[in-house]
Amino acid sequence: MREREAIIYATVCRIPPGRVATYGQVARLSGLGRMARQVGQALAILPDDSEVPWHRVVNAQGEISPRAGSDGGAEALQRRRLEAEGVRFRAGGRLDLRACAWELAAEARQGRG
DNA sequence: AAACTGACTAATA
DNA sequence: CTATTAGCCAGTT
């Protein structure tokens, strides 16, 4: 396990249930700057049943990022897990980042806004 | 070393 | 909204 991956996993584990974060956001919060792609790579080597809530990471478009060489099983699993946490998708498989995006500042506000 | 690839993102038309 | 372009960085061949 490389250090970078450990940092990324730690950050992903900080995403609360029912909320999502973007790859770039995770990279930044991990102090990795523009390494959004590395976040994806780190999550890619993760097993589907990992304790890391990888399903709470989506792309900047607010949609589940398509995997390469997959039948869509992982994407379907990700969506099911998010829906199970209360994240609701809009038509087109997209979700409202404005509603369920993980905002650190919101942790203190808790509903104000 | 060079080329290619990938669970990305922002800007532009 | 879609499509294209440019930037990004690490891993693999």
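Per chain, numbering begins at 1; letters A, B, ... match sequence-line order. Note that these values count all heavy atoms, side chains included, but never hydrogens, waters or copies made by symmetry. Every value quoted in this text rests on a predicted model; they were computed, and no experiment measured them.
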**Prompt:** If we only count heavy atoms from C-beta on, is the A:Cys100 to A:Arg88 side-chain gap below 4.5 Å?
**Reply:** no

**Message:** Please pick, from B:dT9, C:dC1, B:dA7, the nucleotide with the shortest atom-to-atom distance to any side-chain atom of A:Arg94.
**Reply:** C:dC1

**Message:** Taking 4.0 Å as the cut-off, does a side-chain nitrogen or oxygen of A:Thr22 come that near to OP1 or OP2 on B:dC8?
**Reply:** no

**Item:** Short side-chain donor-acceptor distance under 3.5 Å, A:Gln78 and A:Glu75
**Value:** no

**Prompt:** Is A:Ser50 close to A:Tyr9 at the side-chain level, that is, under 4.5 Å between some pair of heavy atoms?
**Reply:** no

**Item:** Interatomic distance at C1', B:dA1 relative to C:dT13, whole Å
**Value:** 13 Å

**Asked** Do A:Ile45 and A:Glu5 have side chains that get closer than 4.5 Å, going by heavy atoms?
**Response** yes

**Asked** Could you give the CZ-to-P distance, from A:Arg90 to C:dC1, as a whole number of Å?
**Response** 8 Å

**Request:** Report yes if the side chains of A:Asp48 and A:Trp54 come closer than 4.5 Å at any heavy-atom pair, otherwise no.
**Result:** yes

**Whole angstrom value for the distance that separates P of B:dA7 from CE of A:Met35** = 17 Å

**Request:** Determine, for A:Arg81 against A:Glu85, whether the closest basic-nitrogen to carboxylate-oxygen distance falls under 4.0 angstrom.
**Result:** no

**Request:** Provide, to the nearest angstrom, the distance between the CG atom belonging to A:Leu32 and the P atom belonging to B:dT9.
**Result:** 14 Å

**Asked** What are the residues of residues 37-59 of chain A, sorted by number, that bring a heavy atom to within less than 4.0 Å of DNA chain C?
**Response** A:Arg37, A:Gln38, A:Gln41

**Message:** Expressed as a whole number of angstroms, how long is the span from A:Tyr23:OH to B:dT9:P?
**Reply:** 8 Å

**Request:** Please check the phosphate of C:dG11 (OP1 and OP2 only) for any side-chain N or O of A:Arg2 closer than 4.0 Å.
**Result:** yes

**Prompt:** Does the side chain of A:Gln25 reach to within under 4.5 Å of the side chain of A:Val39, using non-hydrogen atoms?
**Reply:** no

**Message:** Distance check needed: C:dT2 C1' versus A:Glu63 CD, whole Å only.
**Reply:** 12 Å

**Prompt:** In whole angstroms, how far is the P atom of C:dA10 from the CD1 atom of A:Ile7?
**Reply:** 13 Å

Are there any protein N/O atoms within less than 3.5 Å of an N/O atom in nucleotides 10-13 of chain B, and if so, which ones and at what distance?
none

**Request:** Rounded off to whole Å, could you give me the CZ-to-P distance for the A:Arg28 and C:dC9 pair?
**Result:** 14 Å

**Item:** Same-atom distance (P) from C:dA6 to B:dA7, integer angstrom
**Value:** 23 Å

**Item:** C:dC8 versus B:dC4 - spacing of their C1' atoms, nearest Å
**Value:** 15 Å

**Asked** Around A:Arg67, counting heavy atoms of other residues, nucleotides and ligands shown, do more than 12 lie under 6.0 Å from its CZ?
**Response** yes

**Message:** Within the 4.5 Å heavy-atom criterion, are A:Leu97 and A:Val58 side-chain neighbours or not?
**Reply:** yes

